Amino acid sequence: MGSSSSGIAIVTGSESGIGKATAVALAERGWDVGVTWYRDEGDGRRTVSEVESKGRRAELRRLDLADGGSVQATIGELADALGGLDALVNNAGTMLTSPFLDFELDDWRQVIDVDLTGQFLVAQEGARRMVAAGRGGRIVNVTSVHEHVPLRHAAAYCSAKGGLGLLTKVMALELAEHGITVNSIAPGEIATAMSGAEGEDARAIERPMIPLGRPGDAREIAAFIAFLCSPEASYATGESIVVDGGLLLMAAVANQDAT
């Protein structure tokens with residue numbers, strides 16, 4: 001990577017939420033951005049418009065992480081259309097919940113296929129292109145605080161995010177010799193569609209059990225991701241950066257309250 005923060009990035013799941021905020025944040029910092037959508041093409045086009053409003057190029061493709069046969073081809077199409085790949089943000093994901101004893105195998109497979117296998121395929125294609133180009137690169141995998149701690153009724157989600165967190169470390173080990181850094185961002189509760197609060201002002205939502213008292217804003221996560229894609233983050237690799245308003249600290253409080 002060069003001395004500036006600009007280049008070509010792909011951000012999966014960038015039709016909304018953290019992905020959209022990241023695409024816009026990167027565009028503001030001089031990146032051209034490949035945008036992917038899954039459910040709503042209109043939302044994807046709106047992200048493209050915001051990227052272009054920052055004076056940057058954008059390309060849009062539909063990406064279905066559960067369709068393993070098409071994932072790498074889609075990432076390749078985006079990279080080819082933009083003229084290369086310097087940073088990859090592996091953000092798209094899903095969540096299905098059910099008590100462990102009742103978790104259906106089809107639901108388990110859906111979550112694992114999207115949140116772990118699909119992200120593996122995206123990262124592998126991106127890394128292959130970075131290695132072939134010989135310029136190094138940045139890969140950021142978006143996991144969750146549940147990469148680190150369990151959540152009731154989320155066996156598949158926690159398993160996938162935990163697996164992605166360890167995959168991040170394996171990738172970091174193997175890709176370091178190519179000048180590619182690989183890190184994960186582990187958000188806590190963020191005001192997005194997945195949490196049922198997209199479009200709301202995160203600072204106006206009360207969350208007494210979070211030390212900072214509120215959920216995060218997608219733009220707060222995007223800022224961390226943009227930093228990890230920058231030259232200033234060139235010595236960080238294999239890390240999981242938790243951005244959760246202090247949520248994980250509450251385990252200590254709960255333990256204190258129980259004694």
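Just so you know, these numbers come straight off a predicted model, no measurement behind them.
Grouping the Ile, Leu, Val, Met, Phe, Trp and Tyr side chains by contacts below 4.5 angstrom, directly or via other members, places Ile75 with Ile180. Val11 and Ile139 are not part of a single hydrophobic cluster, where members link through side-chain heavy atoms under 4.5 Å apart. Ile221 and Leu26 fall within the same hydrophobic cluster, where Ile, Leu, Val, Met, Phe, Trp and Tyr residues are linked whenever their side-chain heavy atoms come under 4.5 Å apart, directly or through other members.
Between the side chain of Arg207 and the main chain of Gly213, no donor-acceptor pair closer than 3.5 Å is present. For Lys20 (side chain) and Thr47 (main-chain N/O), no donor-acceptor pair under 3.5 Å exists by modelled atom type. In terms of modelled atom types and a separation under 3.5 Å, the side chain of Arg129 and the main chain of Glu125 share no donor-acceptor contact. Glu220 places a side-chain N or O within 3.5 Å of a backbone atom of Asp217 that can act as its donor or acceptor partner. No side-chain donor-acceptor contact under 3.5 Å links Glu239 to the backbone of Asn183. Counting only distance, with no hydrogens or angles, the side chain of Ser184 and the backbone of Val142 share no donor-acceptor pair below 3.5 Å. Put simply, the side chain of Asp244 never gets that close to the backbone of Gly188: no donor and acceptor are under 3.5 Å apart. Remark: side-chain polar atoms of Asn90 are not paired, donor with acceptor, to backbone N or O of Val140 under 3.5 angstrom.
In this model, no donor atom of one side chain and acceptor atom of the other lie less than 3.5 Å apart for Asn91 and Thr12.
When side chains are defined from C-beta on, Met130 counts as touching Leu85, because their heavy atoms get closer than 4.5 Å. The shortest distance between side-chain heavy atoms of Leu96 and Gln110 falls below 4.5 Å. Counting heavy atoms from C-beta on, the side chains of Gln124 and Gln72 come closer than 4.5 Å. Residues Thr22 and Val33 fail the side-chain proximity criterion, which asks for heavy atoms closer than 4.5 Å. Residues Ser14 and Val35 have side chains in contact (heavy-atom distance under 4.5 Å, counting atoms from C-beta outward). Ser230 places none of its side-chain heavy atoms less than 4.5 Å from the side chain of Arg29. For the pair Leu173/Lys169, no side-chain contact is recorded, criterion being any heavy-atom separation below 4.5 Å from C-beta on.
The CG atom of Leu116 lies 11.0 Å from the CG atom of Leu65; values are rounded to the nearest 0.5 Å. Note that the CD1 atom of Ile210 and the CG atom of Leu249 stand 11.0 Å from one another [nearest 0.5 Å]. Distance CD1/Ile10 to CG/Leu78: 4.5 Å, rounded to 0.5 Å. Atom CD of residue Gln119 and atom CG of residue Asn141 lie 6.0 Å apart, to the nearest 0.5 angstrom. Rounding to the nearest 0.5 Å places CZ of Arg135 at 7.0 Å from CD1 of Ile8. Summarising the geometry, atom CD belonging to Glu147 is positioned 6.5 Å from atom OG1 belonging to Thr168; distances are rounded to the nearest 0.5 Å.
Dense packing is recorded around CZ of Arg214, with more than 12 heavy atoms of other residues, nucleotides or ligands lying under 6.0 Å away. Under a cut-off of 6.0 angstrom, the local environment of CZ in Phe103 is crowded, with over 12 non-hydrogen atoms contributed by other residues, nucleotides or ligands.
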Using a 3.5 Å cut-off and no angle test, enumerate the donor-acceptor pairs between side-chain atoms of residues 36-43 and protein atoms at least two apart in sequence or in another chain.
from	atom 1	to	atom 2	distance (Å)
Thr36	OG1	Gly13	N	2.8
Asp40	OD1	Gly42	N	2.8
Asp40	OD1	Asp43	N	3.1
Glu41	OE2	Arg45	NE	3.3
Glu41	OE2	Arg45	NH2	2.7
Asp43	OD1	Arg46	NE	3.4
Asp43	OD1	Arg46	NH2	2.7

Stepwise side chain to side chain contact (heavy atoms under 4.5 Å, CB included) check, His153 with Ser98: CA-CA 5 Å; His153 300 171; Ser98 177; 5.8 Å; no
From CA spacing to verdict: side chain to side chain contact (heavy atoms under 4.5 Å, CB included), Val242, Val145: CA-CA 7 Å; Val242 177; Val145 290; 4.0 Å; yes
Salt bridge (Lys or Arg N to Asp or Glu O under 4.0 Å) assessment of Arg138 paired with Asp86: CA-CA 6 Å; Arg138 303 280 186 266; Asp86 301 297; over 6 Å; no
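The side-chain contact (heavy atoms from CB on, under 4.5 Å) check on Ser159 picks up Trp108, Ile112, with sequence neighbours excluded.
Taking every heavy atom of both residues into account, Met95 and Ala154 meet most closely at CE-CB, 4.0 Å. Summarising the geometry of Ile18 relative to Pro187, their closest heavy-atom pair is CD1-CG, 4.1 Å, with the distance given to 0.1 Å.
Residues Arg61 and Glu59 are paired through a salt bridge, judged by an N-O separation under 4.0 Å between the basic side chain and the carboxylate.
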